[in-house]
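Working notes, structure below.
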Amino acid sequence: MSFEKVAIIGLGLLGGSIGLAAQEHLPGIATSGFDADPKVRERARERGLCATIADDPAEAVQGADLVILCVPVGAMGSAAEAIAPGLRPDAVISDVGSSKQSIAAALSAALPDHVVIPAHPVAGTEQSGPDAGFASLFHHRWCIITPPEHAPQGKVDDLAEFWKALGSTVEIMDAQHHDMVLAVTSHIPHLIAYTIVGTASDLEEVTRGEVIKYSAGGFRDFTRIAASDPTMWRDVFLNNKEAVLEMMDRFLTDLGMMREAIRAGDGEMMFDQFSKTRAIRRRIIEQGQDDARPDFGRHEHDPGDNEQE
Ligand SMILES: NC(=O)C1=CN([C@@H]2O[C@H](COP(=O)(O)OP(=O)(O)OC[C@H]3O[C@@H](n4cnc5c(N)ncnc54)[C@H](O)[C@@H]3O)[C@@H](O)[C@H]2O)C=CC1
Ligand SMILES: O=C(O)C(=O)Cc1ccc(O)cc1
């Protein structure tokens with residue numbers, strides 16, 4: 001591992017998990033952290049999320065050759081500006097934001113003379129804050145790195161090594177492609193969960209509590225996703241607008257086809273569609289891309305509590 005000191009800005013679920021994971025998996029690397037919220041800094045010190053927690057962003061990044069911004073997508077630009085005075089000229093600046101194109105632009109604008117290599121560990125839960133982090137969050141998870149065209153290959157390789165050391169499998173991808181893929185696999189599913197739980201909650205006033213009381217497994221799963229951090233997800237939708245709107249149009253077309261099938265009593269169409277999606281789920285399980293793998297072991301913070309394969 002070629003990095004000697006990693007600085008983590010934002011010490012919630014992602015930042016805290018990186019700090020704990022780096023201390024566990026890369027004991028030779030120094031860790032320092034900063035969070036804009038003094039209460040979060042206090043809790044981060046108590047939990048030992050990083051070896052040192054600074055009260056100032058520029059101080060936190062002093063001497064660091066890798067800085068990872070772990071703040072909401074909309075705060076990336078201002079967090080980058082705040083660390084500028086303390087940065088080593090050769091420091092690599094990265095992040096963990098859930099969308100990539102707008103962050104690449106914000107980071108390069110704030111730090112035009114630095115090497116910026118955005119990344120997205122596709123690993124998380126509905127929890128947030130300094131108590132939510134855990135060292136195994138990145139085990140057997142993808143980390144997508146989206147290097148800008150002229151990023152030095154050696155630094156991209158170093159960042160990939162860092163994420164592999166934390167337990168992730170690294171994939172290199174173009175930022176635009178990332179935003180399109182994640183719109184359909186992560187952003188729209190969250191939007192659907194937020195919406196259906198809201199719809200049911202509105203209905204609840206009509207049915208006097210019965211929607212929640214008798215909610216079956218499917219709805220319960222949606223409520224987990226819909227409990228995700230509002231600031232984080234507001235920022236994702238504000239910053240991945242084009243891709244989300246494009247994928248949402250596709251989804252609404254497909255939903256319309258379902259409505260027509262139900263209206264027309266087209267059981268064959270529904271059966272075919274449900275069989276296709278069942279096969280997709282089974283492929284995911286077979287490929288081991290699920291928490292139910294033997295060497296993973298559910299962590300107490302891990303999502304999913306009642307699924308039977
Ligand atoms: N929650 C999840 O499952 C995942 C989140 N992400 C991305 O990771 C990033 C962080 O998300 P979480 O850790 O879940 O959020 P979080 O809410 O747990 O932590 C964010 C922290 O950033 C701090 N912060 C906000 N603005 C700041 C600033 N300007 N300077 C310093 N600290 C600041 C907040 O006080 C908070 O403690 C987001 O960009 C999100 O899109 C990526 C993968 C998974
Ligand atoms: O909790 C879940 O199911 C998630 O989907 C977590 C998650 C949230 C945001 C990301 O960018 C990546 C992973």
Side-chain angles (χ1 to χ4, degrees), residues 7-20 33-44 47 49-50 53-61 67-84 94-100 102-103 106-107 110 118-134 137-138 141-144 163 168 178-179 181-194 221-240 244 289-291 299 301-305 307:
I8 301 162
I9 306 299
L11 296 167
L13 171 66
L14 267 288
S17 297
I18 294 173
L20 292 172
F34 169 77
D35 195 286
D37 182 339
K39 287 202 197 79
V40 173
R41 296 201 293 272
E42 192 182 322
R43 194 64 195 120
R47 286 199 70 202
L49 298 182
C50 294
I53 306 290
D55 284 321
D56 176 81
E59 191 190 318
V61 299
V67 179
I68 307 182
L69 301 173
C70 304
V71 301
V73 173
M76 292 286 178
S78 58
E81 280 166 18
I83 57 171
S94 191
D95 75 294
V96 295
S98 300
S99 70
K100 295 276 53 96
S102 69
I103 292 177
L107 298 188
H120 177 201
V122 189
T125 73
E126 73 284 14
Q127 311 287 343
S128 57
D131 284 301
F134 55 100
L137 177 65
F138 310 108
R141 299 288 174 190
W142 291 103
C143 180
I144 302 172
W163 279 105
S168 295
H178 167 281
D179 286 358
V181 171
L182 270 291
V184 74
T185 58
S186 176
H187 306 170
I188 301 271
H190 276 77
L191 197 68
I192 293 168
Y194 279 127
D221 289 351
F222 277 125
T223 61
R224 182 187 74 77
I225 303 277
S228 301
D229 189 69
T231 303
M232 170 187 156
W233 284 99
R234 176 204 63 195
D235 282 7
V236 170
F237 293 114
L238 289 175
N239 284 276
N240 197 23
V244 167
Q289 293 174 28
D290 188 83
D291 289 353
H299 186 278
H301 294 276
D302 278 346
D305 54 356
E307 192 172 11

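Read the numbers this way: they start at 1 and go in the same order the structure lists the ligands and their atoms. The figures here come from the full heavy-atom set of this structure, side chains too, leaving out hydrogens, waters and symmetry mates.
Nearest protein heavy-atom neighbour of atom 43 (C) of ligand 1: Pro121 O, 3.3 Å. If you check which protein heavy atom lies closest to atom 26 (N) of ligand 1, you get Ala75 CB, 3.8 Å. Nearest protein heavy-atom neighbour of atom 14 (O) of ligand 1: Leu13 CB, 3.8 Å. Taking atom 23 (C) of ligand 1 as the reference point, the nearest protein heavy-atom neighbour is Asp35 OD2, 3.2 Å.
Going from atom CD1 of Ile53 over to atom CZ of Arg43 covers 12.0 Å, rounded to the nearest 0.5 Å.
Comparing Val71, Val96, Val40 against atom 39 (O) of ligand 1, the shortest heavy-atom distance belongs to Val71. For atom 25 (C) of ligand 1, the candidate residues are Ala36, Pro72, Gly10; the nearest heavy-atom contact is made by Pro72. By heavy-atom distance, the residue among His187, Gln127, Arg224 lying nearest atom 2 (C) of ligand 2 is Arg224. Ranked by closest heavy atom to atom 40 (C) of ligand 1, the top entry among Ser98, Pro38, Gly124 is Ser98. Of the candidates Lys39, Arg41, Met76, Met232, it is Met232 that places a heavy atom closest to atom 5 (C) of ligand 1.
With no hydrogens or angles considered, a side-chain donor-acceptor pair links Asn239 and Ser102 at under 3.5 Å.
You'll find the side chain of Leu49 reaches within 4.5 Å of the side chain of Pro130, heavy atoms only. Here the side chains of Asn240 and Leu182 are not in contact, with every heavy-atom distance at 4.5 Å or above. Trp142 is not listed as a side-chain neighbour of His120, based on a closest heavy-atom distance of 4.5 Å or more. No side-chain heavy atom of Phe34 sits under 4.5 Å from any side-chain heavy atom of Cys50. Between Pro189 and Ile225 the shortest side-chain heavy-atom distance does not fall below 4.5 Å. With a 4.5 Å cut-off on side-chain heavy atoms, Val236 and Val244 do not count as touching.
Of the N or O atoms in Val236, none lie within a sub-3.5 Å distance of an N or O in ligand 1. Below 3.5 Å of separation, one finds no N or O of Gln127 facing any N or O of ligand 1. Below 3.5 Å of separation, one finds no N or O of Ser186 facing any N or O of ligand 2.
If you look at Cys70 next to ligand 1, the close heavy atoms, those under 4.0 Å, all belong to the backbone. Under 4.0 angstrom from ligand 1, there are no non-hydrogen atoms of Asp95. The proximity of Leu182 to ligand 2, defined as any non-hydrogen pair under 4.0 Å, does not occur for either the backbone or the side chain. No part of Arg141 comes within 4.0 Å of ligand 2, judged by heavy-atom distances. Contacts between Pro57 and ligand 1 below 4.0 angstrom, taking non-hydrogen atoms only, are absent altogether. At a 4.0 Å heavy-atom cut-off, ligand 1 does not touch Ala132 at all.
Take Pro121 and apply the side chain to side chain contact (heavy atoms under 4.5 Å, CB included) test, not counting sequence neighbours, and it matches Leu14, Val96, Phe138, Cys143, Trp163.
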Test Ile103 against Leu69 for side chain to side chain contact (heavy atoms under 4.5 Å, CB included), laying out the working first. CA-CA 10 Å; Ile103 292 177; Leu69 301 173; over 6 Å; no
Might you work through the side chain to side chain contact (heavy atoms under 4.5 Å, CB included) test for Met232 and Val73, ending with a clear yes or no? CA-CA 7 Å; Met232 170 187 156; Val73 173; over 6 Å; no
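Atoms of ligand 2 found under 4.0 Å from any heavy atom of His120 (numbered from 1 in listed order, with element): 10 (C), 11 (O), 12 (C). Shown in contact with Thr125 at under 4.0 Å from a heavy atom are these atoms of ligand 2, numbered in order with element: 1 (O), 6 (C). Taking every heavy atom of Glu126 and a limit of under 4.0 angstrom, the matching atoms of ligand 2 come to 1 (O). The atoms of ligand 2 that sit less than 4.0 Å from any heavy atom of Ile225 are 3 (O). Residue Met232 approaches ligand 2 through these ligand atoms, each under 4.0 Å from one of its heavy atoms: 9 (C). Annotation for ligand 2: atoms under 4.0 Å from non-hydrogen atoms of Ser98 are 9 (C), 10 (C), 11 (O).
Between the side chain of Arg47 and the backbone N or O of Gly133 there is at least one donor-acceptor pair closer than 3.5 Å. Looking at Asp179, its side chain never comes within 3.5 Å of a backbone N or O of Ser99 through a donor-acceptor pair. Between the side chain of Arg141 and the backbone N or O of Val122 there is no donor-acceptor pair closer than 3.5 Å.
Contact annotation: Glu126 has no heavy atom less than 4.0 Å from any atom of ligand 1. Remark: distances from the non-hydrogen atoms of Trp233 to ligand 2 include one below 4.0 Å.
Inside a 4.0 Å radius of atom 19 (O) of ligand 1 there is at least one protein heavy atom.
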